[in-house]
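Nothing here was measured: the structure is a model prediction, and the numbers come from that model. So you know, we letter chains A, B, ... as the sequences are listed, proteins then strands, and number each from 1.
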Amino acid sequence: MIQITLPDGSVREVAQGTSAMDIAMSISEGLARNVLAAEVNGQVIDAVRPINEDASLKLLTWNDDGGKSTMWHSSAHLMAEAIQHFYPKAKFAIGPPVEDGFYYDIDFGEEILSDKEFKKLEDKMLELAREKNEYVREEVSKSDAIKYFTERGDEYKLELIDGLEDGSITFYTQGSFTDLCRGPHIPNTGFIKAVKLMKLAGAYWRGDEKNKQLTRVYGVTFPKQKDLTDYLTLLEEARKRDHRKLGKELDLFHFSQNVGQGLPLWLPKGADLRARLETFLKNAQKKAGYEPVITPHIGSKSLYETSGHWAKYGEDSFRPIETPHEGEVYMLKPMNCPHHCEIFKSRPRSYKDLPIRYAEFGTVYRYEQSGELHGLTRVRGFTQDDAHIFCAQDQIKDEIGKVIDLVLYIFKTLDFQDFIAQVSLRDPENPEKYIGSKENWDKAEKAIAEVAEEKGLKTVVEYGEAAFYGPKLDFMVRDAIGRKWQLGTVQLDYNLPERFELEYVGADNDRHRPVMIHRAPFGSMERFVAILIEHCAGKFPLWLTPEQVRILPISEKYHDYAQDVLKVLNNSDIRAAVDERAEKIGKKIREAELDKVPYMLIVGEEEQNSSQVSARKQGHGDLGAFSVEDFVKQIEKEIKEMLA
RNA sequence: GCCGAUGUAGCUCAGGGGUAGAGCGUUUCCUUGGUAAGGAAGAGGUCAUGGGUUCAAUUCCCAUCAUUGGCUCCA
């Protein structure tokens, strides 16, 4: 007999060789129907595998990441079986689960798979799923494994087997499909109730562009049809929120082929929105002791040789530009920090000057590969809400704390409520990868971890994710529909102060090297605006939105009164416009709603006679009548509370 | 950069070997109305660009460019 400890601490005594599924069955049949895999002593295995020793056991269902990924991994095999049925010559490379589904990289040889075939494949998968074929695990010797895939002519599997130890090789078979696989898998294909193939993509064998490009088929499966429906609804919602679509509809920005790829043009409303965000951050930064600086869009190539960026990124940058006669070489600036270092160096610095905080909305240009450009989130020219803090080693913790405060203020004001901070530290295995003394790193890493803790941030620590020049603190937000985005970043830098030989005179009258902190709460204005659009589905917070109020006269007779109302609003710095088109009120309302204008003021005979306005809130409908003054007060109050 | 898809009016899209259509928008006219689309008429397109096949190409083929989904990359 062996002892099985369940997550609630209860212990069950069962015969050796009992499987997790048996145990689930003994608890309830309903539970057993949902068990996809089992976590035994921290390791995820097949739910049907016998357990032979005392163990802690967690039954994994669709609600566990481990259960989900097992299901998707098994689904990849199921898809492979369906593909093999129609394309017997297909060779299978790897087919893992991913964050939202699974894929399989497949070599179709001469044939081409089109997404028009998806329906056929999905139907086949469902047909095979209904057969409830078991996923049968089999340990095979290396020579047998090689023999099997040599017969199948699948060089990819052979290459994978080549890297495996004899004795550790397992095959899984369901129905007519056998795959080299470590597992684990769900008990049988019947757990898969809903199937959707998502897209096709090219992917290199082993991710190396020198290797052959395979066809990657993405799919997703669910244990209930409804889960699939919900998922498709979510995707639809994401499409509706796409910043490229909304940016066009709301006249925020535009891309022109004549200007160039990845070079956004900000339209008046977008520029207005962006300027307001910048002002918001400038005000916050002013309070936090930042000083504005302005630097040119180009800089001498030698500046980037000093910084090290030329050596690392020069070849992948926009080509340098030259002066016509002297042949001096300049770069479009890809980073603001070298310029800011030069500002620091513009005169001798004392410890009494520190910390120095230089802030600039600095526009930078980077050559991004054409396939990588995407709306406003990935562009070739963008403006960072950049700042560099030059401080002494013992000021790091304080300064990072202040940056965190700033970031938290921004998140709160813009209604990003769900976020975590990722602390990126050195890879303990490879200490030689990093520049700067071990003592300083130890102190800096400790400072980041402590201050994140003190600020009550939800954090995850990632070892090996630090930059070579210093540890980082990155903020990851979840938007309104649950998608993750990386936003603000705080990075310590020991490298640039070294390369630029930055110094300050300490209290001891010796020269010391300052530490530099790079930070950008938004990241870039382009990317941030894109994320904000998608987060709020184009319904910007009242304080930020370009048009706060639209006045809708019932008919031409009330245009004068509407203009009077407009004047009152404008005098209170409320951004408003009058819709004077000869349209009916229903249409004006409809369009104001679709334009996502937060408030509509309807003015007609009644309002004119009583010196009132009938207010309507976007998405909520009629609010009733107000005097113009009361309405203004209410708007002012609402905005004030938002920016508090 | 690589693989796939797409490119038709300002926008969203339909169509299809015999030089084009809808809705919205826009213009003009009628209508002056009460909480999510009033009516009529008109303007607007070398069907992305360049080649090829064909009696004939916007349609089929190839290339280029751009957009797009991935891959690789990301200071």
Between [X] and [N], is there a contact of a side-chain N or O with OP1 or OP2 at under 4.0 Å?
X: A/Arg216; N: B/G4; result: no
X: A/Lys584; N: B/G38; result: no
X: A/His254; N: B/G10; result: no
X: A/Gln257; N: B/U67; result: no
X: A/Lys248; N: B/U12; result: yes

Which value, rounded to the nearest 0.5 Å, describes the distance between A/Tyr330 atom OH and A/Lys301 atom NZ?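 Spacing of OH (A/Tyr330) from NZ (A/Lys301) equals 13.0 Å.
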Complement of [N], any strand, by Watson-Crick or G-U distances under 3.5 angstrom:
N: B/G44; value: none
N: B/C29; value: B/G39
N: B/C74; value: none
N: B/A9; value: none

On the ring face of A/Phe86, is A/Lys120 found with NZ or CZ under 6.0 Å from the centre and within 45° of the axis?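 Ring-cation test returns yes.
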Test the A/Lys199-A/Tyr218 pair against the cation-pi criterion, namely NZ or CZ under 6.0 angstrom from the six-membered ring centroid and within 45° of the ring axis.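 Yes, cation above the ring, under 6.0 Å and within 45°.
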Could you give the distance separating B/U8 and B/G23 at their C1' atoms, to the nearest angstrom?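 My reading of the C1' atoms in B/G23 and B/U8 gives 15 Å.
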For [N], does the base pair up with any side-chain atom of [X] as donor and acceptor (N or O, under 3.5 Å, distance only)?
X: A/Glu607; N: B/G34; result: yes
X: A/Glu593; N: B/A36; result: yes
X: A/Arg378; N: B/C74; result: yes

Hey, which sits more toward the 5' end of RNA chain B by its nearest nucleotide, A/Lys588 or A/Met335?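 It is A/Lys588 whose nearest nucleotide is closer to the 5' end.
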Using a strict cut-off of less than 4.0 Å between a Lys/Arg side-chain nitrogen and an Asp/Glu carboxylate oxygen, indicate whether A/Asp479 and A/Arg241 qualify as a salt bridge.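 A salt bridge is absent here (no side-chain N lies under 4.0 Å from a carboxylate O).
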Please report the shortest heavy-atom distance between A/Phe475 and A/Ala421, naming the atom on each side.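 Taking every non-hydrogen atom into account, CE2-CB, 4.2 Å.
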Are A/Tyr218 and the base of B/G70 stacked, counting only ring centres nearer than 5.5 Å and planes tilted under 30°?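 Given the distance and angle limits, no, they do not stack.
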